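Here's the structure we're looking at; comments come further down.
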Amino acid sequence: MSFVHLHTHTTFSFGDGACRIPELVAAAAGMGMPALAATDHEGLYGAVRFYQACKAAGIKPIVGVELTVEPAVGRDGRVWQPDANAPAGASATAGAEGGHGGEGGSRGAAFAADGHIRHLTAAATVPPAAASAAGAGGHHLVLLARDYKGWSNLCRIISAAHLEHPGEPPLARLETLAEHGGHLVALSGCRRGEIWSRLLAGDRAGARAAASVFHEIFGREFFVELQHELLPDSGASLRALDLLAHELRLPTVATNDVHYTVKADAGLHDVLAAEAANQPLPNPLGRKNAELYLKSPAQMRRLFQRYPEAYANAARIAARCNLDLGLGRLLFPAYPLPPGETAFSLLWKRCFKGAEQRYRPLTAEVTARLERELKVVEELGFAEYFLAVHDIVEFARGRGIYYSGRGSAGNSIVSYVLRICDADPIAHELLFERFLNPARREMPDVDIDFCSARRDEIIQYIYERFGHDKVAMVATVNTVRAPSAVRIVSRAFGFTPEEIDGLSKRVPWGSAAKLGEMLAERPELADHEFQHPHYRRLVHVAERLSGFPAHLGTHLGGFILSRDPLTDRVPLQWAAKGVVVAQFDKDDVETLGLVKMDILALKMHSAIAEAVRRIEARTGEQVRAWELPRDDPEVYRLIRSARTVGLFQLESSGQRNLATRLQERDFEDVIAAISLFRPGPLQADMIAPFIRRRHGREPVTVPHPSMERILRRTYGVIVYQEQVIEVAAAVAGFSLAEGDLLRRTMTHERSMEEMDEIGRSFVEKAVARGVERVAADEVFRQLRGFAAYGFNKAHAACFAIVCNASAWLKAHYPAEFYCGILNNQPMGFYSPRVVLNDARRFGLAVRPLDVNLSGEWFEVEDDGRALRVGLAYVKEMSGAARRAIVEGRGGDGRCRVGEGVGGPSPAPAYAAPAPMSPSPPHPPSAAASCAAAERPADASPAGGPPRPYTSLADFVARTRVSREIAENLVRLGAFDALGVRREELVAQAPLLYAGARPARREVTAGARAAADEGLDQPRLALDEQFAPLAFLPDWSRQRRVSVELELLGLNVSAHPLRFVRDQVQALGVTPMARLPQVAHGRRVRLAGVLERAQMPWIRSGHRTMFLTLEDETELGQVVVFNDVYLKYGRVLKDAIYLLVEGELQNDEEHGLAVVAHKIMDLTKVLGRDEALPGGERRAGEAGGALAAPGSVPGGGFAYQRPDAWELPAVEPRTRPGRTG
Amino acid sequence: MSRGGATSSDKPGANGDPGAGGRPRGGARPGGNGAATPIAVSWDERQRRPVSFMWRRRRYRIERVLETWVIETGWWKDDGHVSRSYWRVRAEGRVFDLRYDRLTKAWALEQALN
C-alpha cells in the first residue's frame, strides 16, 4: 500500500518551511504517491499554487494548515468543555462574517458591534513561524480539508484566529474549532502539539484529557499523529503516543513533518530556524538531525514497521479528502437591485442615460455599439460587476473626488457612458474586443486612479457599501532577494556584523538564484570575495534561499469584492495599519475567480484638484478638468517647446526629447507619444519611422489598402494593440475577437517555429480572401515586429486626457498649476527644487518665506503672477506648528504689514479673495472643486482681526513653535520684513528659548497658555534689551542660497550656479536654453546640477545612462554610453555639479541631447575644494558643504570671505546606482 | 527483565512516557560523543540493520534492535560536522549502544548497559 504525506511545510510556512512547491509536488509524484498535503503555518498562503501544481502533476492535492490552538487543558488543569449555551452567533467567526453578536466586543472579536473593523494600533502581525518558535501560548494542530465545505471552514477558523488577535500571533479558539470543525480531518501535530508536548512534560493525564477534547470536537476524524524523527527520544515518544491512542481508542497516522524536500536541503531549514530564533547556528531550539524530508513510502514503512496501522491510515485519510476548489468560476459582487429590475435592465438604463449626456446628439452608431457591447456583457454575466464599479465612481463624483479609469476598460463604450473612463471609444477608434473577448471568459481588468488625498474616502465607502465582511485587500508575497539571502545566511553562520553588512552589499547585480553560476562564468567577477572557498557554502545556501517567500505584504491598491462573506472562500488576516488582507496575492485571487479592483492613488489628481480649486478661488472660473478642449493650440505649443515640467506623462527627460522630434500638434499625437515612449517601441525602433513619416520625410505606405484607414492616424505605422487586431481582421478575415486572440498569442514568448506557424496560418487565410501573397507576408512581418510592443490605445488615451488637463492648466493658469504640483509632493519626475525653478523660468515671481504672508503651503499672489513659498517646506516644520503660525495671525491668515513695521522691501499683501461663486445649477461633475479636507482653505477667514507678528519675540510668544523651527525660519529670512536683520536674529534666537524645557517639540494649535505648556515666558521685545548687533556682517547671497537648499530644499533667492556664472562662461559652457539654436554635431560644454540619472536596462546588455542636468536657464539631457560610463562613472557617484563635454545632437533623428565624451566634477574644475577659514568642511556629507551658520565649534560665528564660496549641496532626485 | 512490546521495562520511563528530554534511567546517555570503542559490525543489507558485532574478542549476535536515532549537525562549519546513526540493541542478554559514523564510515560501541 502506498503512502501519502499529510504534514508538510512549503516555503509558505514563512521562516520555517523549505519545500518549494514545484519541487515538492514533483518529488511526491516521482515517488508514485497518489496525493500530497500542504499544511503551512497559520494560513493557506500557498494553497492555490499548491493545488494547481498537484493537478498539473496528476496527483491529488490535499489542502490543510498547521494552526496554533489554545490549550485544551488550562493552566489550572481545567479541561475545555463545549459551551452548550452559547448562542449561534456569539463566536468571533460569526463576528468575522459581519454578524453583530452582542458578545463580539467582549470576545475580542474582529468586528465591533457596528460592523466596522477594529483597527490596529500596534505594529504589524508577527510572522507565523516566529510565533511558533516563541511558543506563543498555544499548541499546534493540523487540519485538513475533506471538501469545499472543509475549505470554507478552514478559512473561517484561520480568519478568526488572526482577526481576533490584532498585533499578536494568531491563536485559534476551541469554540471556533467546535463550531466550524466539520468536513475536516484533525491530526494531533508535532511535538508542539498539545498531546505530545504534555507527554514530554510527563503530564499523561493532561495529554489524555487533551486528546479527549479533540476527539469530542472532531469525532472519528481526529487522529493521533506519529512522527519518527530518528531522535534519541523518538522511540519512546512513539510508544507513549501509541499507548495513549490505544487506551482512548483513537486511530493513529504516520507523518514526517516534512520541512524540506530532500535531505540535502536540511541546511536551508536550519538557516531559516536560526533566522527566526535570531541566533546563529547552532540553534539551541533547532533539530539535531536532518530527517524531516519527503521520505519514500518504503522508508516510511520501515520507520513505522511497528505501527502498520498508522502507516496505512495515511493513505486512507488521503482517500477521504477530495477538495475541488471550483476553479474557472467567476464570482461577482452582488449589487442590490430595486424591485422589478435585473442587473441587465438596470445597467441598460444607466448606460443609456449616460450615453445621452456623453453624446449630443445621440447617433445610430453609438446606440448600435452600446447594444452590441451590452449584449456581450450580459452573455458573460458581467452586468453586476459594471454596476458595482459605476456605483463607486458615482460616489466619487458626488463627493467631487477626482479619478480616472484606465487600462483596457477604456476600450468600452459602456465604461465611457458610465463615466468609468473618459476616452471616447468611437472618436479614438478603440475596440471593445480588446477589453472583453467573448471567447475568453476572464475577469475584466478595471483600474482606477483616484485623487491620492482622498482615496481613503473611497476605500471607506467600498467597505460600507459592499460590507466589511465582503471586502478585503489583496496581499503580495515579498520574496527573498540576493542581498537579503546573503544577509540571512551569513547571520546564521555567525559572521560578524561588519562582515554581514559588507557581504550583502557586495552581491553582484543579477538574479540571485544563479549566483554560483554567475561567479563561475563572468570574468569581471573572477576576483569577487565570494570566490573564496570560505564562502562557498554561503553562496550555495544563499542561492537556494533566494526567491523564498519572505513575508506577506499588502498590494498597493488591490481590493477583493465578494458576493458572499469572504471568510467562506479566503482566509483573512491583519496587515499593517489595521487593514484586513486576504492571504492570497492577485494571481491566486484571480485563479479563485474573485473580483479584484485596483483602487490606486494618483498625486496628479490631487494636484489638478488643488489647481482647479485655487483658480476658482481667485478668478471665479470653474474649470472642468476632464472636459477641457483637446485642441487648444496653447497646449500643443507648450508641449512642442518641451517645457513640460509638471505635465502628466510628458515631463520626463525622454518625453521632452521625444517632443523635440515629434512636435505634437494634436491629441492623437499626444496619445502616440505616450504609447511610443516605452521600452518596447524604443527597442523595436518604432519611433524613428513614425517620426519620419509624421514630418513627411518618408512616404506613408501600407502593404495592403485595407490598412489605410486603420493606420491613417499613425502614418501607416502600427503603434496600438487595437490596430493589430483590426489589421488581422481586415487582411486575414479574422473576427475582431479572433484578432485579439491572435494578438495575445503573438505577445507571449513564442519560439521561432511557433511564430512561423502562426504566420503561415495568417498568410493562408489572407490569400484565401484574395490578398496577394507578397502583401500578406509583409503584413505579417510588420505584425510580428510590432505586435509585442503595441500599446493599448485606450490606456494611452485615458492618460492623455489627464495630460491634457495638466497641460492646459500650466498654459493658462501656471501659478495655480505649480501650486498644485508643489503642494502634493512627492510626485512627478523632478524634485520640487527643479519645479520651482521651472516656475521662475515660466515668468512667475517667487516670493520668499514671510511669517506674515506665507501660508502653510505654496500660495498664489499678485493675481497669478507670483508664488509665495509655503511653510511646509521648512525643515523641522510640523503640521501643528504650521497651523499655529497661520492661525495666530488672525484675519484671513494672511496679514498686511503696516508701513512702519515693514523692512527694506515689504512684500505686497495679498488682496482678500473674491467671494465664492454660487453653486452650479446642475449636479457637479467630476471636475468640480475637490476640497482637500486636511488643508484648511486659507481663503476662509479664521475669524478675528488680522494681527501680524511684529517681531521674533512676538512670534515665539504667540505660536510657541520649537526652537529649531524658529531658527530655521529666521535663517530663511522669514522675518526680514519685520525690520531686524536675520544675522542678528540668529544670534538672539537662542536667548529667547533659554530656560525652555527642551523636550517640547510640538506646539498644538490654540495652546496659548503660558508656562504650563513647557515654554517659559519668552523675553519680549528682545531687540530692545540688546543693543543691535550691527557689527555682524551680512550673509552673502551665496550663503543665503546654501541655507535655502539646506532648510527648504529649494532655490528661492537665486540658482546656485548664478555665482559662478562668469567662471562657467569662461569655460566655454553653453547655457542649456541656447542649445536648440546650436547646430547638430557641434562640440559643446554643459554645466549643471545633476537632477536625475536613469539607466534603463536595454536588452543588448550595453548600459546607457541618461542624465538630467539643470542650469540657470533650462534642463538638459546628457547621454552617457557604456565606454564613457566606465571611464567617468566614478564622478557621477559623488559629484553634484557636473561639467560635461560632448557632442550635441539636435536633429529629428535624435532630438535634443548631448552625447558625453567627458564628465567632470565642476567644483573641482573651478578649484573650490579648499577649506574656508573659520568654517568646517564635512567631506562626503550631503548638505555638508557649508557648516550650519552659527554652529561653528567654539560658539563663534562663521566668518566668510565673500568670494571664497562653495557650491552648496543639492540632493538630486535620483542618484546613479539608485536609478529610477 | 526483558520483554518485548511497548510496555517493556527497558524503555526509559517505566510507565509509558519518554520522560523529560527523552532521558532514560540507568545512566546511559544516547547521543553522546567521544569515548567509544571501535568495533567491527556485520550488516544485513536486506533488512538494513546490524546483525552482530565483535567486542572484546567475542561475537555478539544482535537479537533485537530496540531504538535507532540519527544525529546530524554542524554542517555549516568547516570542521565539526557530525553525522552518526545510533543503534540501541539487545545482544546476549545485554543492551548496547552502537553508533555508525557516516563521515568516517566506522562503527563504534558507545556504551554497554546492564
Side-chain angles (χ1 to χ4, degrees), chain A residues 191 196 198-208 228-244 246-247 263-264 266-268 270-271 274 280-283 286-291 298-299 302-303 305-307 489-490 492-495 533-534 536-538 540-541, chain B residues 3-26 28-33 44-49 64-90 95 97 99-100 102 110-111:
Chain A
R191 60 173 62 223
W196 194 342
R198 286 195 187 277
L199 287 177
L200 285 172
D203 178 11
R204 255 183 91 239
R208 290 174 63 136
H228 201 326
E229 302 159 300
L230 283 175
L231 286 174
D233 63 354
S234 288
S237 287
L238 286 183
R239 283 192 288 276
L241 284 165
D242 189 61
L243 177 65
L244 183 147
H246 179 75
E247 285 171 354
K263 195 177 165 89
L268 277 178
D270 285 338
V271 167
L281 293 167
N283 177 2
R287 308 227 180 227
K288 300 284 187 291
N289 62 18
E291 297 298 321
Q299 283 173 300
R302 195 162 41 244
L303 273 178
Q305 55 192 282
R306 296 185 192 168
Y307 308 98
V489 178
S490 46
F493 282 9
F495 289 2
H534 181 50
R536 187 171 309 132
R537 209 174 288 120
L538 173 92
H540 176 72
V541 177
Chain B
R3 255 182 312 160
T7 53
S8 154
S9 64
D10 54 12
K11 64 179 173 353
N15 50 3
D17 53 80
R23 225 170 245 256
R25 313 232 206 92
R29 284 190 60 193
N33 48 6
D44 182 338
E45 184 54 41
R46 196 178 59 81
Q47 289 182 57
R48 296 186 64 78
R49 48 168 273 205
R64 187 180 160 83
V65 173
L66 302 170
E67 304 271 9
T68 174
W69 63 93
V70 171
I71 301 294
E72 179 147 6
T73 183
W75 56 270
W76 56 90
K77 297 192 271 216
D78 290 328
D79 51 5
H81 187 187
V82 173
S83 178
R84 299 184 184 134
S85 65
Y86 288 77
W87 302 81
R88 178 163 289 170
V89 301
R90 180 146 18 97
V95 175
D97 276 354
R99 78 166 191 237
Y100 177 68
R102 292 168 174 174
E110 197 161 89
Q111 56 191 342

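We name chains A, B, ... by the order of the sequence lines, and we start the count at 1 in each one. In this text the structure is predicted, and so the values were computed from the model without any measurement.
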* Asked: Which heavy atom of A/Val271 sits nearest a heavy atom of B/Trp75, and at what distance?
  -> CG2-CH2, 4.0 Å
* To do: Below 4.5 Å from any heavy atom of chain B, which atoms of A/Val541 appear? Answer side chain, backbone, both or neither.
  => side chain
* Contact class of A/Asp203 relative to chain B, heavy atoms under 4.5 angstrom -> neither
* **Minimum heavy-atom distance between A/Glu291 and B/Val70, given as atom pair plus value** => OE2-CG1, 3.7 Å
* To do: For chain B, find which of A/Ser234, A/Pro282, A/Ala266 contributes the most heavy-atom pairs closer than 4.5 angstrom.
  => A/Pro282
* Does atom NE2 of B/His81 have more than 12 heavy-atom neighbours, drawn from other residues, nucleotides or ligands, at distances under 6.0 Å? -> yes
* State which residue, out of B/Arg48, B/Arg49, B/Gln47, fulfils the side chain to side chain contact (heavy atoms under 4.5 Å, CB included) condition with A/Arg302. => B/Arg48
* pair B/Ile71-A/Lys288: side-chain heavy atoms closer than 4.5 Å -> yes
* To do: Working to the nearest 0.5 Å, report the span between CG of A/Asp233 and CD of B/Glu67.
  => 9.0 Å
* Measuring heavy-atom distances to chain B, does A/His246 have an atom under 4.5 Å in its side chain, in its backbone, in both, or in neither? -> neither
* **Non-neighbouring partners of A/Arg536 that pass salt bridge (Lys or Arg N to Asp or Glu O under 4.0 Å), sequence neighbours left out** => none
* To do: Go through the structure and list residues passing salt bridge (Lys or Arg N to Asp or Glu O under 4.0 Å) with B/Arg102, not counting sequence neighbours.
  => B/Glu72
